[in-house]
Student: 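Mind looking over this structure? Questions follow.
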Amino acid sequence: EGKYFRPKPGKKNESYCIIMPPPNVTGKLHAGHALDVTTQDALIRFKRMKGYETLWLPGMDHAGIATQNVVEKKVWEEEKKTRHDYDRDTFLKKIWNWKENFGGIIADQQRRLGASPDWDYSMFTMDKGPNEAVRKVFTSLFNEGLIYQSDYIVNWDPVLQSAISDAEVEHKEVSGAFYHLHYKIKDSNELLEIATTRPETLLGDTAVCVHPEDERFQHLIGKTAIVPICNREVPIIADEYVDREKGTGCLKVTPGHDFNDFDLGKKHNLPIINLLNKDATFNENGLHYQGKTCKQARKEITAELEELGLLKEVKDHIHQVGHGDRSHALIEPIVSKQWFLNVQDMAREAVNAITDEKTKFFPKGWENTYFSWLREPKNWCLSRQLWWGHRIPVFTCQSCHHQWADENISPSACPKCQHQKIEQDPDVLDTWFSSALWPLSTLGWPNKERMIEKKFDTFFPTATLVTGHDIIFFWVARMMMMSLKFTGQVPFKDIYIHAIVRDKLGRKMSKSLGNGIDPIEMIELYGADSFRFTLAAGSGYNRNINLDPERISGYRNFINKIWNAFRFMAPFLEDAKPLSGVKNLDSHEKWILGELNIVTKSMNKSIEEYRYDDSCSAIYHFVYEKFCSWFIELSKPILHSDAEDKKRIRASVLKHCFKKIVALMHPFTPYITEELWAHLKEKEDDLLIVTDYPEFDESITFDQETIQMNRFIEIISSIRNLRSSVNIKPKDEVGVNIFIDDQKTIEFLKEQVIFFHNLAKVNNIVFKTYDEQRPAKSIMNATSFCEIFIPLEGVIDLNDQINRLEKDLAKTMKEVNKFSKKLANEKFMRNAPEDVVIETRSKLEEFTQKSQSLKNSLAAFKG
RNA sequence: GGGCGUAUAGCUCAGCUGGGAGAGCGCUACCCUUACAAGGUAGAUGUCGGCAGUUCGAUCCUGUCUACGCCCACCA
């Protein structure tokens, strides 16, 4: 309501823009989308708080094949009609209708996840603007001669009845067979043995091919073979393409239905025979098999060959066969007329942009995938025989047959002969064509007015593209090509490739396995913040995130922890003052501010580098271990005392830290942090979403406090450990003797008496020096700088204590030996850098001290 | 067939330019202690996939082997 997601110039005077990869209009939010939203929203919120003019531009993809499928299915179920029962315009209206009513559920789901794009910028790939961009680009490429129509062998999907691109074909392993056939040779009694996995295509054979140097077949080259059944006479040709080891070394050539044979056919000028109809049944060239499917025909042709005595044998064979990635239909290579884009030059530019580091991949390794596509690019088959999509803007004059591309939606006359009867190409463009222009068209390109309105110059080139590695070629590469071609600029400076979300066993989430995790269900169970934090914590430079709902529950507990920390603090915060006016901080306060400064630095750095795993772990540990376990616990005696000054200062520090924590976390957990902020903020403060992100402050250095606090924490933990080792009840109080020589530390510890009581139920501490007598009946622990004794009245199991200390001693001695060995090694002393030697020496000293303490005590106990 | 990647605690993973093996979850014991049992305190757990090499020193670099995953190509 407050339009906080809308870009506003900030203190940085720079822009930051992410174009959201548009989800399919038919789509429902899945775990992968949730990760998409989380990573992008975290960046956007971070940059917004940093003071950039921030735009996250949302959108939706028309998803040609998927959407047409959905509506066709629906129409079939409801009306028992196919699209061919309607005319094109009426059916398209039905799809638009569906889009208005049912499309785009996903946008609402993104809102539930807390996404903060400027929804007013929302764009649909078939909106007027993108359509204008498509027509402009197509026409321009056409006029440049880069778009051409050609008879070409394409992947034909018989279910969709459309050509699909190479990238849309999935190869699956299937078990088939090698059929060994005999072809007769004209004017000879010799038989040629040919192995094939597709005997049914022999009706389209227009040659037989052998290797030119294959001695077995030398004498046959140039002769004529007779294709069985149709008795076609075809030449026996030679080409080095043939692999002598494979099959029988003798290849039947079917240029109409095999990619390699097509190339071979072009090279040797062979005729192309098309055997198939659009639904992959045999046409009239299939002779008496006309109307049969390939599968039936294969069976029956094999039988006929056997009758003719031309089938030598059938061997089992496992091979890879192409299937449509959407329809799952068996793909048939078929020769047909299609539109192509020559991408050779554009691909080269796209490669250069990465090698010149105009755009960088994070993690860098993914550029290999990008290069592997673009260094040997195949021309892009643009046309799809569908109705739903951007119609190809090519027109043909019915009078003079002039063919041209036109930027106008419906040109009125032929530009050559002015004849008014013109016809538009019936096909639509591959969906990725409009996707390739997405960073341009969403920002108003090519329309000058819209570009001003959308602030093209402010946001282009965009800052970061966030997407999955599965569409590096489909989408990323093509955006790069188009943008470089038409603006001379890269479309984005960084490309962050996030992981693929898998189930907890590392399997792909799929409908058939039923292992999908529904984000909405997770939000309802654990909350959007917990879910987002889990995804972010699992995201860095890794390829997979194995998502286990138990982890979400773990982070839900963390979110809950923060809430409870606030509940504790809330009653004391009224007296809190802004920290800038507060003086006389005590050592605990200085310590926590130092730690806060460290975590602030680490958060800023890691988000900038897309290392969300590091960000989450840093804030998690700070909140849990530093802030809750120690600082809040240490604050209790003060807040419950009546030392008003100290109370006020402590409340101020608590509030300061907590406000920073909430701000630091906001990019990942927007809901709870904004809510807490409402309770923490001053009247004049705006919402957290536009509050400054905490910055590292170099001037904060509390090294002494940090050293002393770490020692204090070690002693407290050590006392707790001792208590636990002899099962002292948590409520029972004990006295402690600490043997220590360091004066600074003694002074520090003396100020902590009340905290010893609060944190470890210590009612009496006596400080002594190392040379004083140790208490006789007692338990002890040693550190590198002190010995801790708890004198005990009752019966102590001496053996237990001796075992415990001996175990510790063994560990310590292992370290002592390792370090002394190192220092005794001449080569180490000669070659190792000085700081490593110094560090090793001080480690040795520490461990030696500790081991000496342990030895002394053991001697006394055994004594 | 070509390429990329991964093997570290029971599970999921981190370990950034080589210098004392880490986290979360899970597990064990004791505690309903005045923010939090969705909690607290204490604790156990690893031939860092195998082998060889470089180095004073290897989880990290090189080679090699093994296992797994992904991508691309390919219906002889």
Student: List for me each residue that meets side chain to side chain contact (heavy atoms under 4.5 Å, CB included) alongside L573(A), sequence neighbours excluded, and say none if there are none.
Tutor: F566(A), M569(A), K655(A), L680(A)
Student: Kindly write out the residues that satisfy side chain to side chain contact (heavy atoms under 4.5 Å, CB included) with F568(A), not counting sequence neighbours, or none if the list is empty.
Tutor: F572(A), I632(A), K636(A), L639(A)
Student: With respect to the side chain of H469(A), which nucleotide from C70(B), G15(B), A35(B) is positioned closest?
Tutor: C70(B)
Student: Which residue pairs satisfy the salt bridge (Lys or Arg N to Asp or Glu O under 4.0 Å) criterion with at least one member in residues 836-846 of chain A, sequence neighbours excluded?
Tutor: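 Sorted result for residues 836-846 of chain A: E839(A)-K843(A).
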Student: Under 3.5 Å between N/O atoms: give me all the protein pairs with nucleotides 45-49 of chain B, atom names plus distance.
Tutor:
none

Student: Classify the nucleic acid contact of N727(A) as base, sugar-phosphate or nothing, counting any heavy atom under 4.0 Å across all strands shown.
Tutor: nothing
Student: Using the side-chain hydrogen bond (donor to acceptor under 3.5 Å, both in side chains) criterion, which residues pair with R298(A)? Sequence neighbours excluded.
Tutor: E200(A)
Student: Report the C-alpha distance between K267(A) and D239(A) in whole Å, list the side-chain angles of each, state the deciding distance to 0.1 Å, and finish with yes or no for salt bridge (charged side-chain N to carboxylate O under 4.0 Å, His left out).
Tutor: CA-CA 10 Å; K267(A) 194 168 163 190; D239(A) 195 291; 3.1 Å; yes
Student: Any salt bridge (Lys or Arg N to Asp or Glu O under 4.0 Å) involving residues 552-566 of chain A? Give me the pairs, sequence neighbours left out, ordered by first then second residue.
Tutor: none
Student: Please enumerate all residues that pass side chain to side chain contact (heavy atoms under 4.5 Å, CB included) together with S717(A), with sequence neighbours excluded.
Tutor: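 Side chain to side chain contact (heavy atoms under 4.5 Å, CB included) list for S717(A), sorted by chain: W630(A), I713(A).
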Student: Counting the atoms with a prime plus P, OP1 and OP2 as sugar-phosphate, which does R830(A) contact under 4.0 Å by heavy atoms, base, sugar-phosphate, or nothing?
Tutor: nothing
Student: Looking at the base of A73(B), is there any donor atom on it, or on the side chain of K378(A), that sits under 3.5 Å from an acceptor on the other one?
Tutor: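 No, the side chain and the base share no sub-3.5 Å donor-acceptor pair.
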Student: According to a 3.5 Å limit on both distances, what stems of 3 or more consecutive Watson-Crick or G-U pairs are formed with RNA chain B?
Tutor: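 Stems for RNA chain B, defined as runs of 3 or more consecutive pairs: B:1-7 with B:66-72, B:10-13 with B:22-25, B:27-31 with B:39-43, B:49-53 with B:61-65.
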Student: Which letter, B, S or -, goes with each nucleotide of nucleotides 17-24 of chain B from 5' to 3', with contact meaning a protein heavy atom under 4.0 Å?
Tutor: --BB--SS
Student: Side chains of H323(A) and H328(A): does their closest heavy-atom pair fall under 4.5 Å?
Tutor: no
Student: Residues two or more places apart in sequence or in another chain: which of them pass side chain to side chain contact (heavy atoms under 4.5 Å, CB included) with N274(A)?
Tutor: H257(A), L276(A), N283(A), I334(A)
Student: Starting at the 5' end of RNA chain B and moving along, which residue's nearest nucleotide shows up first, L251(A) or I728(A)?
Tutor: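 Upstream on the strand: I728(A).
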Student: Look for any protein N or O under 3.5 Å of an N or O in nucleotides 40-43 of chain B and output each such pair with its distance, or none.
Tutor:
| unit_1 | atom_1 | unit_2 | atom_2 | d |
| --- | --- | --- | --- | --- |
| G40(B) | OP1 | K561(A) | NZ | 2.8 |
| A42(B) | O3' | N721(A) | ND2 | 3.2 |
| A42(B) | O2' | S724(A) | OG | 3.4 |
| G43(B) | OP1 | N721(A) | ND2 | 2.7 |

Student: Among all residues two or more places apart in sequence or in another chain, which pass the side-chain hydrogen bond (donor to acceptor under 3.5 Å, both in side chains) test with Q296(A)?
Tutor: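 Q296(A): side-chain hydrogen bond (donor to acceptor under 3.5 Å, both in side chains) contacts with T293(A).
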